[in-house]
Amino acid sequence: MSITPLMPVYPRCEVRPVRGEGCYLIGERGERYLDFAAGIAVNALGHGHPQFTKAIAEQAATLMHVSNLYGSPQGEALAQRIVDNSFADTVFFTNSGVEAIECAIKTARRYHYVNGNPQRHKLITFKNAFHGRSIGAISATDQPKMRDGFEPLLPGFDYVKFNDLEGAIAKIDDETAGFLVETVQGEGGMTAGTVEFIQGLRKACDEHGLLLILDEIQCGYGRTGKMWAYEHYGITPDILTAAKGIGNGFPLGACLATEEAAKGMTFGTHGSTYGGNPLAMAAGQAVLDVMLEPGFFEHVEKMGERLRAGFEQLIPNHDHLFDEIRGKGLMLGIKLKEPAVSRDFVAHLRDNHGLLTVAAGENVFRVLPPLVIEESHIAECIEKLSAGARSYVPPADD
Ligand SMILES: *Cc1c(COP(=O)(O)O)cnc(C)c1O
């Protein structure tokens with residue numbers, strides 16, 4: 001038998017974290033890393049945040065799980081708080097990002113179904129998109145590395161280039177239900193939607209009776225310096241998916257919708273055993289307790305500007321290696337120049353300089369620190385990055 005007990009679907013690296021302290025991770029051998037990956041944009045409050053830890057410990061001792069067949073004071077309270085702080089009128093809680101995507105796809109199909117247009121089942125999605133790993137979500141992306149070997153996939157998706165408004169509008173037909181798009185693409189290469197593109201999709205939805213679904217699983221929840229990334233664009237969606245930062249590491253996701261968009265989601269149309277259980281709700285409340293404090297998003301914005309300014313100063317000193325800066329707020333990436341390879345550079349920073357970052361598509365490496373970083377962490381990151389850029393030797397291209 002050679003398969004590992006842990007199904008070997010991840011190429012796991014040598015780092016084996018056993019403890020976290022704020023913006024640092026500590027490995028099995030006691031080695032320390034500056035964690036600018038934050039569980040891929042999950043640990044918004046960093047590791048071991050006292051207020052957060054206390055909230056889930058207390059809730060675990062009080063009531064951890066009950067069935068969704070019972071009334072949920074905890075779920076009602078968190079949903080109300082999210083509604084009060086977003087475009088949405090209603091929220092479905094999930095345990096992951098991809099389940100929020102599934103709920104969004106179902107909500108969009110049901111909307112047209114109850115409107116008497118059941119043929120309107122297709123979503124227009126975008127190249128390089130990442131929406132998760134369920135059959136539904138891999139059907140919503142055109143990336144072969146996620147789809148190969150899993151066909152036949154779910155019908156009902158059309159793919160268009162990201163930021164190509166004309167192409168997206170040209171794809172609309174009688175079967176179109178709406179658009180599913182990341183406001184800022186994460187895995188695909190940290191590309192922010194342009195204002196014309198996101199506003200144009202909104203306008204096309206209004207004109208054609210379609211739904212705009214924003215996937216803000218990575219870019220939402222404060223990551224870009226605003227509660228939601230769509231706030232940068234002066235529009236609101238009909239449906240939005242959130243996860244990652246929403247639970248600071250406790251498995252939690254959410255599908256948000258307007259009353260109109262959710263009108264098909266009646267009794268019995270959807271469900272989840274764990275979704276929105278009291279422990280998850282306590283995690284979600286603790287995150288919002290911190291994030292909705294006055295000045296939190298301003299802090300993220302300011303730290304984002306500082307980090308970006310640090311990158312801007314680095315680039316001219318290493319212009320053989322660094323190409324351009326991408327992203328918004330504390331969701332930043334730098335595109336590398338060939339022959340440098342982002343995955344390889346991420347490994348170099350990790351193994352030789354104790355800095356954790358994440359590779360993304362289009363040869364970009366991502367920097368996704370906890371949102372609670374301070375100037376000292378930024379200075380440390382820039383120092384490590386600068387040393388890493390100096391010592392990096394790209395793989396030989398033979
Ligand atoms: C991470 C991510 C997902 C999937 O979330 P999971 O919790 O891994 O299911 C979906 N969309 C985007 C934009 C993501 O970044």
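Counting convention: from 1, in listed order, for ligands and their atoms alike.
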Indicate the ring-plane relationship of His270 and Phe92, choosing parallel, tilted or perpendicular according to the 30° and 60° boundaries.
-> tilted

Residue shell around ligand 1, heavy atom under 4.0 angstrom | Ser96, Gly97, Val98, Phe130, His131, Gly132, Glu182, Asp215, Ile217, Gln218, Lys244

Presence of salt bridge, Lys302 and Glu298, under 4.0 angstrom = no

Only counting residues at least two apart or in another chain, list the ones meeting ring pair (Phe, Tyr, Trp, His ring centres under 6.0 Å) with Phe130.
-> none

Cluster overlap Trp228 with Leu212, hydrophobic side-chain contacts below 4.5 Å = yes

Among all residues two or more places apart in sequence or in another chain, which pass the side-chain contact (heavy atoms from CB on, under 4.5 Å) test with Glu21?
-> Arg19, Ile26, Arg32

Listed pairs under 3.5 Å, donor-acceptor, residues 5-14 side chains, sequence neighbours left out:
none

